[in-house]
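Scroll down for the structure; my scribbles are underneath it.
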Amino acid sequence: MRPSFLPVSVVVLAGGQARRMDNADKGLLPLHGKPLVQWVLERIAPQADEILISANRNLDDYRRFGHRVIVDAPGPSLGPLAGLLQGLRAARHDLLACVPCDSPLLPGNLIERLHAALLADVADLAVAHAGGRPQPVFCLCRKDLLPQLENYLAGGGRRADAWYAGLKVAGAEFEEAMLSNVNTPEDLERLVRAS
C-alpha cells in the first residue's frame with residue numbers, strides 16, 4: 001500500500017542511448033523473463049500516485065505497461081535531464097520523483113525517504129546517495145523547479161549534478177545494491193546471477 005504522506009508523480013527514465021549496451025533499449029532487456037522496466041514499475045507503483053515513462057523509441061512497447069509515455073525533449077541529447085524536463089512539464093502533482101528504467105532493485109521506501117530529506121532540509125530537491133556518493137537520477141524535486149531547469153538547458157547545461165549545484169539539495173543514503181543499474185552486458189549478467 002502506498003504511503004499517504006503526499007501525492008507524487010514519478011518519471012521513469014527510459015530514453016538513454018545505452019552506448020555501453022550496444023545501443024539496446026535497456027528498459028526492455030529481460031531479467032528473469034521480465035523487462036527491466038517492469039521490475040522498476042512494480043517497485044515504484046506502490047509509492048506513486050502517477051507514473052510517467054520518458055522514452056524516445058519503442059514507444060508502443062512502453063505503452064503496454066499501462067502508464068502514460070512521454071517523449072524526451074527533441075533535438076540534441078540532453079541526457080537524463082531531458083526526461084526530467086518532460087516529467088516536470090507533464091506531471092499532475094507538485095512533487096516529481098525520477099528513477100532510471102534499469103534499476104530493478106529499487107527500495108520500497110525510496111520516495112518516502114527522499115521526501116523526509118526534502119522536508120528536513122527545506123530543500124528544492126532530494127537526491128539518493130549510495131556509498132556516500134550522490135546518484136543524481138534518483139531524486140525527488142518540486143515541480144516549481146521547471147523554469148530553472150529550462151533555463152539551465154537553454155544555456156547549454158547538460159549535467160544533472162551541475163544543475164543541482166545551483167539548488168538547495170538534500171541527500172538520503174541507501175545501500176548501493178538498491179540503486180545499482182545496468183550499464184553493460186556484464187552488469188546484466190551479474191544481476192542475473194545475484195537474483
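For the single chain, residues carry numbers from 1 onward in sequence order.
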How far apart are the C-alpha atoms of Val99 and Leu13, what are their side-chain angles, what is the distance that settles it, and do they pass the side-chain contact (heavy atoms from CB on, under 4.5 Å) test? CA-CA 6 Å; Val99 296; Leu13 301 180; over 6 Å; no

What do the steps show when you test Leu52 against His67 for side-chain contact (heavy atoms from CB on, under 4.5 Å), and what is the final call? CA-CA 6 Å; Leu52 307 165; His67 301 287; over 6 Å; no

Please step through side-chain contact (heavy atoms from CB on, under 4.5 Å) for the pair Cys141 and Leu88, ending with a clear verdict. CA-CA 9 Å; Cys141 63; Leu88 287 168; 3.9 Å; yes

Worked verdict on Leu28 versus Leu36 for side-chain contact (heavy atoms from CB on, under 4.5 Å): CA-CA 6 Å; Leu28 300 177; Leu36 285 172; over 6 Å; no

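For the atom pair CG (Leu140) and CD (Glu112), the distance works out to 12.0 Å, reported to the nearest 0.5 Å. In this structure, Asp144 CG and Asp124 CG are separated by 7.5 Å, a value rounded to the nearest 0.5 Å. Here Phe174 contributes atom CZ and Leu110 contributes atom CG; the two are 4.5 Å apart, rounded to the nearest 0.5 Å. Interatomic distance, CE of Met178 versus CZ of Arg43, reported as 8.0 Å (0.5 Å rounding). Annotation: the span from Glu150 atom CD to Gln148 atom CD amounts to 9.5 Å, rounded to 0.5 Å. To the nearest 0.5 angstrom, Leu179 atom CG is 10.5 Å from Arg133 atom CZ.
Judged purely by atom type and a 3.5 angstrom limit, Gln38 has no side-chain atom pairing as donor or acceptor with the backbone of Phe65. Panel note: side chain Ser103, backbone Ser180; a donor-acceptor pair is recorded below 3.5 Å. Between the Arg68 side chain and the Arg63 main chain, no donor and acceptor come within less than 3.5 Å of each other. At distances below 3.5 Å, at least one donor-acceptor pair connects side-chain atoms of Gln47 with backbone N or O atoms of Pro107. Distance alone, capped at 3.5 Å, is enough to place a donor-acceptor pair between the Arg158 side chain and the Leu153 backbone. Although no hydrogens or angles enter the test, the distance criterion places a donor-acceptor pair under 3.5 Å between the side chain of Gln86 and the main chain of Val71. With Lys34 contributing its side chain and Trp39 its backbone, the two residues share no donor-acceptor pair below 3.5 Å. When atom types are taken as modelled, the side chain of Lys168 and the backbone of Asp121 share a donor-acceptor pair closer than 3.5 angstrom. No donor-acceptor pair under 3.5 Å is formed between the side chain of Asp102 and the backbone N or O of Gly27. At least one donor-acceptor pair closer than 3.5 Å links the side chain of Glu50 to the backbone N or O of Arg92.
In terms of heavy-atom proximity, Tyr164 sits nearest to Pro136 at OH-O, 2.6 Å. When all heavy atoms of Ser54 and Val11 are compared, the pair lying nearest together is CB-CG2, 3.8 Å. Listed here is the closest heavy atom pair of Ala117 and Ala172: CB-CB, 4.3 Å. The minimum heavy-atom distance linking Ala14 with Ile53 is given by the pair CB-CG2, 4.1 Å. Scanning all heavy atoms of the two residues, the minimum distance from Cys101 to Val40 falls at O-CG2, 3.5 Å. Nearest heavy atom pair, residue Val10 against residue Ala48, reads CG2-CB, 3.5 Å.
Between Tyr152 and Leu85, the closest side-chain pair of non-hydrogen atoms is not below 4.5 Å. Within the 4.5 Å cutoff, side-chain heavy atoms of His115 are placed close to those of Leu95. Residues Asn58 and Asp60 have side chains not in contact (no heavy-atom distance under 4.5 Å, counting atoms from C-beta outward).
Following chains of ILVMFWY side-chain contacts shorter than 4.5 Å, one cannot reach Leu96 starting from Leu119, and the two form parts of different hydrophobic clusters.
Checked by atom type, the side-chain pair Tyr62/Asp25 shows a donor-acceptor distance below 3.5 Å.
More than 12 heavy atoms of other residues, nucleotides or ligands lie within 6.0 Å of CG in Asn151, so this atom counts as buried by the packing criterion. Within a 6.0 Å radius of CD in Glu175, other residues, nucleotides and ligands contribute 12 heavy atoms or fewer.
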